[in-house]
Amino acid sequence: MELFNVYPLVNITPVKGLGAKLWDDQGQEYLDFYGGHAVISIGHSHPHYVQRLTEQLQNIGFYSNSVQIPIQTQLAHKLGQVSSYEDYALFLCNSGAEANENALKLASFHTGKTRVVAFKGAFHGRTSGAVAATDNPKIVAPFNAGHAISFLEYDLTAVETTLQGGDVCAVIIEPIQGVGGIIMPSDSFLQGLATLCKQYGIILIADEVQSGYGRSGKFFAHQHAGIQPDIISVAKGMGNGFPIGGILIAPELKASYGLLGTTFGGNHLACAAALAVLEVIEDENLLAHATELGDYLRTELLAHAGAEEIRGRGLMVGIKYDFPIKDVRDKLLSEHHIFVGNASDPTVLRLLPPLNISKVEVDRFLQALYALTEKSVEIIQQASALD
């Protein structure tokens, strides 16, 4: 049997990771400025993370949600404390797509309605409802296309007009779009959106799968706008590489037996990983560190990157050029041994390093980027002169 070939792969085989560094099977060292799509929040193989998982595995790794699992309660209490959402409830699952799927399902149960408002450029996952609410028709199968979804611009008038239709159960929004290219709705838009959802009795879902867990410098990116969504979806950096996701649920949304369910969600190992992440974020003051290093990174990029726009908050950064960045991205990896990301916009370079990345490592990335983009700009200028 062969693997189902759906991923274009770079010819690199990482075998070891520590902090913001990786090593491949040939012994080559790499700087990880992408964290496997924002998953590596506290660095590869953090000692506390390894210890937590090892100790848990030596006791018990899994049993189903039909028994008492105290570590789930510990995780819920810790997450509430660190995120400032102590009065919310937590439902645990396995991924960001599954978190969004359950968020949409819960909103529909609560309101008895079907339509979902999402936004242009959105990415919410690849499961049935989540992919329908993702603004990429190429990955929406006919089976998924029957959901009632309205894709809107960041326009409060258009939002209100749609809500007035009376069939909307939820509005789902990324406080910072990741795949879309580090696109940020304004704080005033998020505030207006929250007000409209309250006014019309609509569930507001903040998809914090990529932008949460300190990535923006606050625990959740929507907290920059001072709003409180009804449901918050989380995953990626939540487990630092161990598959885990969840939704934080406002007290107004009531639970009942069988309403939601999962086999693997909230298993002992996943909860141990998630607790380790929260403990490291707190103990190492990573929210402040992400703010400080993110401010430094964006200030340097604004001054020297020669880009059209520098986007983002904290250590969630997009660099928009006036040319496709594929060659720069490829050469950062092949010549400078630095992993970075791209976006659905081919002119945007996406940066999602571990939250505990060092200034020395940031400077290493900046020097490599400047060298490559200077060459790219020269080539483009020479080509333009020949036209």
Side-chain angles (χ1 to χ4, degrees), residues 3 6-54 57 95-96 178-179 182 209-210 213-215 235-244 269-270 272-274 276-277 280-281 284 286 289-290 293-294 296-297 301 312 314-319 325-343 348-372:
L3 294 174
V6 293
Y7 300 115
L9 303 178
V10 295
N11 190 25
I12 295 171
T13 306
V15 295
K16 182 182 176 184
L18 186 63
K21 294 191 172 94
L22 293 166
W23 288 265
D24 68 15
D25 55 354
Q26 305 301 308
Q28 176 63 56
E29 180 185 291
Y30 296 84
L31 177 62
D32 188 1
F33 236 75
Y34 192 54
H37 310 304
V39 167
I40 301 301
S41 50
I42 60 168
H44 295 278
S45 302
H46 191 288
H48 182 65
Y49 178 82
V50 172
Q51 180 183 1
R52 263 284 196 177
L53 279 167
T54 302
L57 186 57
S95 70
V179 173
I182 315 299
V209 168
Q210 190 169 131
Y213 268 74
R215 176 61 52 188
K236 291 196 184 293
M238 184 179 190
N240 199 52
F242 199 100
I244 185 171
L269 281 175
V277 167
V280 171
I281 285 175
E284 298 186 7
L286 292 187
H289 184 77
L293 265 289
Y296 171 73
L297 175 59
L301 290 168
L315 288 172
M316 187 172 186
V317 178
I319 312 170
I325 54 84
K326 182 180 184 304
D327 188 54
V328 171
R329 180 188 178 221
D330 290 348
K331 288 184 176 178
L332 278 168
L333 187 56
S334 62
E335 297 180 8
H336 296 270
H337 307 114
I338 301 174
F339 281 92
V340 294
N342 57 356
V348 174
L349 202 67
R350 193 160 42 130
L351 310 179
L352 300 160
L355 301 183
N356 49 7
I357 194 137
S358 69
K359 183 175 178 293
V360 169
E361 290 163 332
V362 169
D363 287 339
R364 175 182 160 189
F365 161 75
L366 290 170
Q367 290 164 9
L369 178 69
Y370 297 157
L372 287 174

Give, for atom CD of E335 and atom CG of L372, the distance between the pair rounded to the nearest 0.5 Å.
6.0 Å
Partners meeting side-chain hydrogen bond (donor to acceptor under 3.5 Å, both in side chains) with R329 (sequence neighbours left out):
none
Applying side-chain contact (heavy atoms from CB on, under 4.5 Å) to D24 and not counting sequence neighbours gives I12, Q26, Q28, Y30
Just to verify, what does E284 make a side-chain hydrogen bond (donor to acceptor under 3.5 Å, both in side chains) with, not counting sequence neighbours?
H46
Applying side chain to side chain contact (heavy atoms under 4.5 Å, CB included), run through I319 and I325 and close with a yes or a no.
CA-CA 9 Å; I319 312 170; I325 54 84; over 6 Å; no
Is there a donor-acceptor pair closer than 3.5 Å between any side-chain N or O of Y49 and the backbone N or O of G239?
yes
Passing option when L369 is tested against V340, L351, L301, I338 for side chain to side chain contact (heavy atoms under 4.5 Å, CB included):
L301
Quick one: pull up CG in L355 and CG in L293 and give me the separation to the nearest 0.5 Å.
10.0 Å
When rounded to the nearest 0.5 angstrom, what distance separates NE2 in H48 from CG in L53?
10.0 Å
Considering only heavy atoms from C-beta outward, does the side chain of H337 approach that of L31 to under 4.5 Å?
no
If you compare all heavy atoms of V209 against all heavy atoms of K236, which two are closest, and at what distance to 0.1 Å?
O-CB, 3.2 Å
In Å and rounded to the nearest 0.5 Å, what is the CG to CG distance from L286 to L315?
9.5 Å
Which residues pass the side-chain contact (heavy atoms from CB on, under 4.5 Å) test with S334, not counting sequence neighbours?
K331
Would you mind reporting whether Q210 and M316 have side-chain heavy atoms less than 4.5 Å apart?
yes
I'd like to check the side-chain hydrogen bond (donor to acceptor under 3.5 Å, both in side chains) partners of D330; sequence neighbours left out, ordered by chain and number.
K326
For I357, is there any backbone N or O sitting under 3.5 Å from a side-chain donor or acceptor partner on H289?
yes
Between the main-chain N or O of G17 and the side-chain N or O of S45, is there a donor-acceptor pair closer than 3.5 Å?
yes
Using 0.5 Å steps for rounding, measure from the CZ atom of F242 to the CG atom of L269.
4.5 Å
For P243 versus A270, what's the shortest heavy-atom pair and its separation?
O-CB, 4.0 Å
Let me have the donor-acceptor pairs involving side chains of residues 32-42, under 3.5 Å, with sequence neighbours excluded, atom names and distances please.
from : atom 1 : to   : atom 2 : distance (Å)
D32  : OD1    : Y34  : N      : 3.1
D32  : OD1    : G35  : N      : 2.7
D32  : OD2    : H44  : NE2    : 2.8
Y34  : OH     : H37  : ND1    : 2.9
Y34  : OH     : R350 : NH2    : 2.8
S41  : OG     : G237 : O      : 2.8

Using side-chain hydrogen bond (donor to acceptor under 3.5 Å, both in side chains) as the criterion, list what pairs up with K16, not counting sequence neighbours.
none
Just jot down the side-chain contact (heavy atoms from CB on, under 4.5 Å) partners of E29, sequence neighbours excluded, or say none.
K21, W23, R364
Looking only at non-hydrogen atoms, find the nearest pair between S95 and A235 and report the distance.
C-CB, 3.7 Å
Any residue meeting side-chain contact (heavy atoms from CB on, under 4.5 Å) with D25, in chain and number order, not counting sequence neighbours
T13, V15
Distance, nearest 0.5 Å, that separates CD1 of I182 from CG of L352
5.5 Å
